[in-house]
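The chains referred to below are lettered A, B, ... by the order of the sequence lines, with proteins before strands, and numbering in each begins at 1.
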Amino acid sequence: MNKERSWIKGALIGGAIAYLALVLLIPAVNVFVQAFKGGFGAFVSNIGESDFIHAVELTLLIAGIVLPINTVFGLCAAWAIARHKFPGRALVISILDIPFSVSPVVAGLMLVLLYGQHGWFGSFLEASNIKIIFALPGMILATAFVTMPFVAREVIPVLEEVGTDQEEAARTLGGSDWQIFWRVTLPNIRWGLLYGVILTNARAMGEFGAVSVVSGNLAGKTQTLPLFVEDAYKQYHTQSAFSAAVLLGCLALVTLVLKEILERRTHIKNVDEA
Amino acid sequence: MTALVPSSKSTSISNNPLSQLSKISWAWRVTLGYLTLMLFLPAVALMAKASTVGVGEFWRIATTSEAISAYDVTFITALIAALINGLFGTLIAWVLVRYNFPLKRLVDAVIDLPFALPTSVAGLTLATVYSNNGWIGSLLAPLGIKVAFTRLGVGVAMLFISLPFIVRTLQPVLQEMEQEVEEAAWCLGASRAQTFWRVILPPLMPALLTGVTLGFSRAVGEYGSIVIVASNIPFKDLIASVLIFQRLEQYDYAGATVIGTVLLAISLLMLVAINLLQAWGRRYE
């Protein structure tokens, strides 16, 4: 019986690992191997190209703008939803999830229909000489759209678990709203919040579909790093595509490591409280 | 965080119960304002544009043979991918929860890779690994199996993108399941197969269905990795999202809008289905 069990155990583990290798591990390792196939020098010369540097700068700029906006929104939405019982609460949470379930191309399409040349605000924007589609503002809007739910989704369960006792105690002791937020609420939700921000950042820097619809994908102008990867690959510059991919791969690795650390922290915290 | 500054204005009336109310409504105002601007307004723009097309024309565009074939490639492939991941995701979740083996933590962390890896990078590396001279593709090529730039490639990208949803939905449920129940089943003379089908699987079903639906919905919405790994040829491996993109490139806004509306409607239906499944799952808690 025991021998049979360990045989089954080995087969199950082997099957699981083999499947993971085929679908996740080998493709992930491939990114790093391909990027350094031509040696480190080739990699360095690839990331020195001006289009590449511009793509990195644009990616950082967009993430830098979207991150604070969606963090503030996420905090407000989480507070509004978690600290307020009302009918239709589940519906609001579902609505918040729409950006995750809709295809990013549809998200981009919506923005084109609103702000594009033939869109609702098209003639107004053209008259006032503001360019949104095929320009930076459109890319920011698209990125903000697809990363909208992350912070709220991570903070809502934490706020619910923490409860209102401490906040109420602080209020009884005469704390102002501002003090309560900084001294009581924020320390309680900090790991959940940070987790949400990290996920927002990963998606903001990695978003491809929605941004590619609204950007026009002009090298050196409206090309972010993920767009650069696709463009270089299509132009048969596979080597520079992989050089860019390895940077984004590192971003993914950093995200995973931070996620792991944060999960351990929140877990340890839960154990302490229990 | 600066957004909370205006709430400090209400400090002067903080002893007043109204301040609590004003703070809540303030957070609500930001939430609703942002949602209106970023979500409702674009959605309304899409639907308004769709409504100008006219019912007959809408139906004609939505059911052209190219569109039907794109739905077929999108939804059927996503369904198959989600089901395959339902099987292997259960296996992976089971192995991670029940067994100890070297590098288990690493394997567990790797599951989230598709969440963190940008989709264009996923597409690039899958297209390389599964191409005829790639690491895995070169092993399959002699068997006459082409993955990259075919519908199979679309399927592999969908497997990649939807796997974590199934594993991560199942893990907590498996963790909470008490092994004693299985042992009791064995003691009562149940075979291994009976224990699995009658004892383990039923409480797992809601989570499994939720995970598969989440994975399916994500696979349907996937664009970045598929556009790179597929050849995007109509009637072969062209998915609905890519069709929308191509319509936009041809300045065919009506065509893009109609197919976009169909996809949006299906995404919303999936969202409702997922919520119902989760509500069903909570009954087991």
**Q** Between A/I81, A/L114, A/V106, A/V112, which shows the greatest number of heavy-atom pairs under 4.5 Å with chain B?
**A** A/L114
**Q** Is it the backbone or the side chain of A/F121 that comes under 4.5 Å from a heavy atom of chain B, or both, or neither?
**A** side chain
**Q** Using a 4.5 angstrom heavy-atom cutoff, name the option from B/A93, B/A240, B/A116, B/A109 with the most pairs to chain A.
**A** B/A116
**Q** Locate the shortest heavy-atom distance separating B/T36 from B/P42; write the atom from each residue and the value.
**A** O-CD, 4.3 Å
**Q** Taking B/D108, B/L126, B/L214, B/I228 one by one, which has the highest count of heavy-atom pairs under 4.5 Å against chain A?
**A** B/I228
**Q** Chain A heavy atoms under 4.5 Å from B/V129: which part of the residue, side chain, backbone, both or neither?
**A** both
**Q** Is there a donor-acceptor contact under 3.5 Å linking the side chains of B/N275 and A/S94?
**A** yes
**Q** Are the side chain of B/S120 and the backbone N or O of A/P226 linked by a donor-acceptor pair below 3.5 Å?
**A** yes
**Q** Based on non-hydrogen pairs under 4.5 Å, which of A/V105, A/I93, A/L91 is most in contact with chain B?
**A** A/V105
**Q** Below 4.5 Å from any heavy atom of chain B, which atoms of A/F228 appear? Answer side chain, backbone, both or neither.
**A** neither
**Q** Chain A heavy atoms under 4.5 Å from B/Y251: which part of the residue, side chain, backbone, both or neither?
**A** neither
**Q** Does any backbone or side-chain atom of B/Y253 lie under 4.5 Å from a heavy atom of chain A? Answer side chain, backbone, both or neither.
**A** side chain
**Q** Tell me every residue that passes side-chain hydrogen bond (donor to acceptor under 3.5 Å, both in side chains) with B/T90, counting only those two or more places apart in sequence or in another chain.
**A** none
**Q** Identify whether the distance between the nearest side-chain nitrogen and carboxylate oxygen of A/E167 and A/R171 falls below 4.0 Å.
**A** no
**Q** Counting only pairs under 3.5 Å, give me each side-chain donor-acceptor contact of residues 13-31 of chain A, with atom names and distances, residues two or more places apart or in other chains.
**A**
{"unit_1": "A/Y19", "atom_1": "OH", "unit_2": "B/N85", "atom_2": "OD1", "d": "2.5"}
{"unit_1": "A/N30", "atom_1": "OD1", "unit_2": "A/Q34", "atom_2": "NE2", "d": "3.1"}
{"unit_1": "A/N30", "atom_1": "ND2", "unit_2": "B/T125", "atom_2": "OG1", "d": "2.9"}

**Q** Taking NZ, NE, NH1 and NH2 as the nitrogens, is one of them in B/E182 or B/R192 under 4.0 Å from a carboxylate oxygen of the other?
**A** no
**Q** With chain A, which of B/P114, B/A256, B/P118 has the greatest number of heavy-atom pairs at distances under 4.5 Å?
**A** B/P118
**Q** Heavy atoms only, distances under 4.5 angstrom: which of A/V102, A/L12, A/V229 has the most pairs with chain B? Name it, please.
**A** A/L12
**Q** Can you tell me which of B/I266, B/I136, B/I244 forms the most heavy-atom pairs within a distance under 4.5 Å of chain A?
**A** B/I136
**Q** Applying a heavy-atom distance below 4.5 Å, give me the residues of residues 253-260 of chain A that approach chain B, sorted by number.
**A** A/T255, A/L256, A/K259, A/E260
**Q** Main chain of A/G209, side chain of A/E207: is a donor-acceptor contact present, judged purely on distance under 3.5 Å?
**A** yes
**Q** In terms of heavy-atom pairs under 4.5 Å, which option from B/L39, B/V242, B/L32 contacts chain A the most?
**A** B/L39
**Q** Give, as side chain, backbone, both or neither, the part of A/V92 having an atom under 4.5 angstrom from any heavy atom of chain B.
**A** side chain
**Q** At a heavy-atom distance under 4.5 Å, which candidate from B/L113, B/V107, B/T119 has the highest pair count against chain A?
**A** B/L113
**Q** I need the minimum non-hydrogen distance between B/I92 and B/I111, along with the two atoms involved.
**A** CG2-CD1, 3.6 Å
**Q** Where does the angle between the aromatic ring planes of A/W178 and A/W182 fall among parallel (under 30°), tilted (30 to 60°) and perpendicular (over 60°)?
**A** perpendicular
**Q** Check the pair A/D97, A/R153 against side-chain contact (heavy atoms from CB on, under 4.5 Å), reporting the backbone distance first and the verdict last.
**A** CA-CA 9 Å; A/D97 266 352; A/R153 273 173 62 115; 2.7 Å; yes
**Q** Which pairs would a plain distance check flag for residues 215-226 of chain B, meaning a side-chain donor or acceptor within less than 3.5 Å of a matching protein atom at least two apart in sequence or in another chain?
**A**
{"unit_1": "B/E222", "atom_1": "OE2", "unit_2": "B/S225", "atom_2": "N", "d": "3.1"}
{"unit_1": "B/E222", "atom_1": "OE2", "unit_2": "B/S225", "atom_2": "OG", "d": "2.8"}

**Q** Side chain, backbone, both or neither: which part of A/M205 has a non-hydrogen atom closer than 4.5 Å to chain B?
**A** neither
**Q** Please answer whether the main-chain N or O of B/Y99 pairs with a side-chain N or O of B/K104 as donor and acceptor at a distance below 3.5 Å.
**A** yes
**Q** Under a 4.5 Å heavy-atom cut-off, does chain A meet the side chain of B/V44, its backbone, both or neither?
**A** both
**Q** Could you look at B/A157 and say if it's the side chain, the backbone, both or neither that has a heavy atom under 4.5 Å from chain A?
**A** neither
**Q** Any donor and acceptor pair, going by atom type alone, linking the side chain of B/D252 with main-chain N or O of B/L248 inside 3.5 Å?
**A** no
